[in-house]
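Below, chains carry the letters A, B, ... as their sequence lines are ordered, and counting in each starts from 1.
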Amino acid sequence: MTIKDFNQESILTGCMKNDRRMQELLYRHFAGKMYAVCLSYTGERAVAQDILQESFVKVFRNIKQFNNDGSLEGWIRKIVTNTAIDHLRKKKVTREYIDNEPSDPEFHTHNSAIRIMGFNELMEQIKRLPEGARLVFNLHAVDGYSHKEIASQLNITEGTSKSQFNRARKLLMSFIGNMNL
Amino acid sequence: MDFLKWYKNIIDSAEEQPPARVWEEIQNELDVDQVWTEIDKEMKAGRRKDLVFRLSMAASVLLIIALGTILFSEAGRSPSAKIITVNDPAFPASIPESTYKPSIIAYASEIRDFPRLRNIRAGNEKIVYTGSESIVIAREDYYSLPQKKSIPDISKYNVISSGGPYSLSGEEPSTDKKEVTSGGYYAGVSGHLANTWLLNNKTLQGLRRDEFTASLPSFGYNLGITAGKKVSRRLDIQAELYIVSLTRQNYNEYLHGRYINNSIQFNYSSLTLSGRWLLLNRQGGSRHLLVTGAYTGILKNAMQDINGESISLKNEYNTADYGIIAGYEYLHPVGNNFYVGTGFQTKLGLNNIFAGNEIIPDYLNSTRNLSINLILSVRYNIK
């Protein structure tokens, strides 16, 4: 079996039996997307690789707990996100926030920079956000966590989550707006 | 499109392949998991396995002792020919008294008993046989006679001979090949083609189809010299010195996303001591033997070949190995005092040959030798 003919059922069965070939197929199928998620949370490749590694080890250790109710990709992504939160929490960077309120930038989708901007260029700008603010922003904007859930996860108030999200959004928009591509 | 939708869209649609190192690290962690799982399983099963192993060993030792006792006691016992004494009413009246008195004491009722009797040799000459009349006399202590009391003291009688195919001096009939019954020595050469296995957790798991490791049939060989002594008509004791005793284990291992060929090879010098019990002695001199015994080996070198690269494992394996053997051998006479033998033999090591290394202690990779050998041997009866 190759990655091209990915058969979720047989791969899951193989992974549950610790079949290394099946584990590798599962990894190769999802690694690219999950690595991008890790990068969006960390902005640094080395840290993103550590999180990805830790996440997939958790996936394989807990694969028997996956019940086919939801999508496999969603389940893996949840593990990746939680691992990223844990990782950043351990680094004690979740409280690195934006202290000042940035001014409202203008954001236009017809802006030439935005139109030709790719993932890598965006990562360069995300990296400039303080890690705590970046985490709040991604949890809400990408993974759809509510501010209440974020507050509970990061042990902050809902108000802090909301304000950091807004400040991160404004700051990122201004970074992108000032780009010369 | 607003900024947040635009941002989410870029992240969700992004893909970037991580470096190969990540998957290698994941595999390493999973390997460690597997090792711990195995250790956990081993520890749980350890006590039970240990008990089973000790009981098996005790049973094997008892079996060997029992077998040895039977063999040695049988060796001193005579065959049970059906003998009818002269005083027995069943003694044929057709035989004139004048032909046997005073020498003839007993009569063998079945002609098939004679081949057994013919091996009575000088020193046992209190046996009398009149071939044409099918009459024999046996020494009291040579046969287990139900009517022992009816046999007179045969030492009083003279040995007589009336000719026939057998002579009274114990020499074999001229039509049969000469056979040494006891006290004879022999020497020869022996070679084995061996299907060898290294028994440990990894190779045993490798026999299961769903494992990463695939254990493959591996072959070695033994070359050596033999020497033996007949301790009775049925039992030989034999020593075999194998100058070269090569064992191998080939296996494929799934590592870093691909299968890797592994081969472990041990070169021993070994000494085997065995008892060889004659099961059947066919007309024409061919012999069927049951072989049991023990061996000890000294490791000369140990190599591991991984995808064509060789490393020495000598420091990771014990120098000494010992175990038990069991098998069957067929000897066929091919000339004056020469025999060619073939058969099979199983050798099972009893000690853990893995000495441990910096990472794995010896008890976590307990390894034993096992081989199933096809035998080819030549031997010469010296006297």
Task: Parallel, tilted or perpendicular, as decided by the 30° and 60° cut-offs, for the rings of A/Tyr27 and A/Phe56 - done: perpendicular

Open item on the list: So if I take each residue of residues 141-153 of chain A and look for any heavy atom under 4.5 Å from a heavy atom in chain B, which residues do I end up with?
Closed with: A/Ala141, A/Val142

Open item on the list: With a 4.5 angstrom heavy-atom cut-off, is it the side chain or the backbone of A/Met123 that approaches chain B, or both, or neither?
Closed with: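 The side chain, not the backbone.
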
Task: Contacting moiety of A/Phe165, where chain B heavy atoms sit under 4.5 Å - done: side chain

Open item on the list: Which heavy atom of A/Cys38 sits nearest to which heavy atom of A/Val80, and what is that distance?
Closed with: SG-CG1, 3.5 Å

- [ ] Can you spot which of B/Tyr295, B/Trp197, B/Tyr322, B/Tyr268 makes a side chain to side chain donor-acceptor pair (under 3.5 Å) with B/Asn369?
- [x]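 With B/Asn369 as partner, B/Tyr295, B/Trp197, B/Tyr322, B/Tyr268 yield a single side chain to side chain donor-acceptor pair (under 3.5 Å), made by B/Tyr268.
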
Open item on the list: Whether A/Lys17 and A/Asp19 form a salt bridge (side-chain N of Lys/Arg under 4.0 Å from carboxylate O of Asp/Glu) is what I want to check.
Closed with: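 A/Lys17 and A/Asp19: not salt-bridged.
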
Open item on the list: Before you tell me yes or no, could you show the steps for A/Tyr35 and B/Glu15 under side chain to side chain donor-acceptor pair (under 3.5 Å), namely the whole-Å CA-CA distance, both residues' side-chain angles and the distance that decides it to 0.1 Å?
Closed with: CA-CA 7 Å; A/Tyr35 186 44; B/Glu15 265 194 58; over 6 Å; no

TODO: Mark yes when over 12 heavy atoms from residues, nucleotides or ligands other than B/Tyr221 sit less than 6.0 Å from its OH; otherwise mark no.
DONE: no

- [ ] With sequence neighbours excluded, tell me which residues meet salt bridge (charged side-chain N to carboxylate O under 4.0 Å, His left out) with A/Arg45.
- [x] B/Glu16

